[in-house]
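Numbering of ligands and ligand atoms starts at 1, following listing order.
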Amino acid sequence: MTILSRRDLMIGAGATMIAAPAIIRAQQSFAQFPFRLGVASGDPSSDGFVLWTRLAPDPFDEHGGMPLAPVDIDWFVYDDPVKQGVVQKGTVKAWPELGHSVHVEVSGLQPDRPYWYRFIVGREKTVVGRTRTLPLPGAKLDHIRFGVAGCQHYEDGLYTAYRHLADEDVAFVWHYGDYIYEDRARQVNYERDGSPKIHVRDHVGTDCYTLGDYRRRYAQAKMDPDLQLAHVNAPWFTTLDDHEVVDNWTSTVSPYQKNPALFEIRRAAAFQAYYEHMPLRLSSMPNAKGMQIYRRARFGDLLDAHFLDTRQFRSPLACQGGFDPICDGIAMAGRTVIGDAQEKWLTSSLRERAGRWNLIAQQVMMMPLDRRIADEPKPIRNTDSWGGYDPAREQMLGNLKGYGNVVVMTGDEHQNFAGELRRNGGAGEAVAVEFVSTSISSGGNGSDRRAGADKIMADNPFLKFSNDQRGYMICDVSRDIWQGQFRVVDQITAPGGTISTRATATIERRVPAINLS
Ligand code: FE
Ligand code: CA
């Protein structure tokens, strides 16, 4: 029970004298602060955005410690950070069906400007978050700056990179996926060379199967103050990858459950928890068919961003489903990464040629890296990447040919990479470039170069940069130049890790090549 101060009691008493509805609000008391998971905004448009929070006074409880009844939350949008001017406000119901999360879709605002927001329930107020609207589609825009992050295994390290991302002046953050990891508390963990890994913190609970399990996992991540600050700083576009459900799932196939009917039950719980904890629009609410994740955002006349879903429509993994010697499955025709409907949507969106640049924001690496680090006889591929789907990748690169303004951005690898997307298995014409952004924490501290990186660079000439530290990317997009900065933290096992720019990759519009500095 929150201890009430004399002042709180006086405010409560005052409220009873004003109006009847205020009595109910003022008497609403929670055992703990109900906004312990923070706030977020997301999916901005040129006239609005989504505002998110979730009531969870007891975050590790499967219902967040809330009574199983709807609760009204008031929301406010301000045109200044000190809350002088309320431009919109309203009341939204937080329903137990959605873990008392709310997704307020605000519209009718001015384009291309910051707004601030917060939520209030009873006497309890959230922090004030900052968000911003997009420029009008087609409006002349000279520059945009955004961040890219993902892969934040809670046990592998502190979210120090998020504290630094919260200090960056970005119009938005794109989260590529692995917001949570579904696995159990590991207790003992090992580095790549077999030495014990410095263990920073533990997951609460074991492997996630039920809605309550997944809710608890998100709640634990979201109680992290560095992550909360990064959400407070800017709106996010979020897409999910595999660990929001289970490692290496595709469509209705799990490597760990041969019965798709059973896997679909787990997937439905995971999708619901994902929706409950992300600032997504109602159009992304999961239903019996799945969840609408692929979508587009248009930034004036400068940038079209296409956020892809490389999980729900994908054919099962080839070979053994790991980093495997190439097998026949990789070359098999008819296997897909994004599915026909999404590919048609993407190609017709590209054909509009509405932006000077096209961002294809997706999850798994498109460059077909040969991963051999010693004298293995056959090339080795990451089968959970476009490198496990040769015909699908070649078809996709064919779709990108002729634009010269496409930047593919990727996560998943827990390393930084930059390279050229060349047809014919990496030996042909370059049609686009790919940036792979490292993890926030997954993999632990890392080092500048992972063992074997020199051989991988030598064997894959289309790959121009690799680095194995933790961090995020910042992209500065102007009318003719795209600059990607690989921001890395020196360590994530103790508080206070410092940030630096490990490398900057520059692309000239219409020239799909990487220039490093
Ligand atoms: Fe990951
Ligand atoms: Ca995986």
task = Provide the atom name of the closest N, O or S atom of D247 relative to the Ca ion (ligand 2).
result = OD1

message = On a heavy-atom basis, which atom in W482 and which in L359 lie closest, and how many Å separate them?
response = CH2-CB, 4.0 Å

query = Backbone or side chain, does D241 get an N/O/S atom under 3.0 Å to the Ca ion (ligand 2)?
reply = no

request  = Give a yes or no on whether the ring-centroid distance for Y218 and W52 is below 6.0 angstrom.
outcome  = no

message = Quick check for you: with the Fe ion (ligand 1) as the vertex, what angle do OD2 of D178 and NE2 of H414 span, to 10°?
response = 170°

query = Which angle, to 10 degrees, forms at the Fe ion (ligand 1) with SG of C151 on one side and OH of Y181 on the other?
reply = 100°

task = Kindly confirm or rule out a cation-pi arrangement of R215 over Y209, judged by NZ or CZ under 6.0 Å from the six-membered ring centre and within 45° of its axis?
result = no

request  = Check whether more than 12 heavy atoms from other residues, nucleotides or ligands sit under 6.0 Å from atom CD of Q320, and answer yes or no.
outcome  = no

task = Kindly give the atom name of the N, O or S atom of D242 closest to the Ca ion (ligand 2).
result = OD2

task = Please check if the distance between the ring centroids of W345 and Y294 is under 6.0 Å.
result = yes

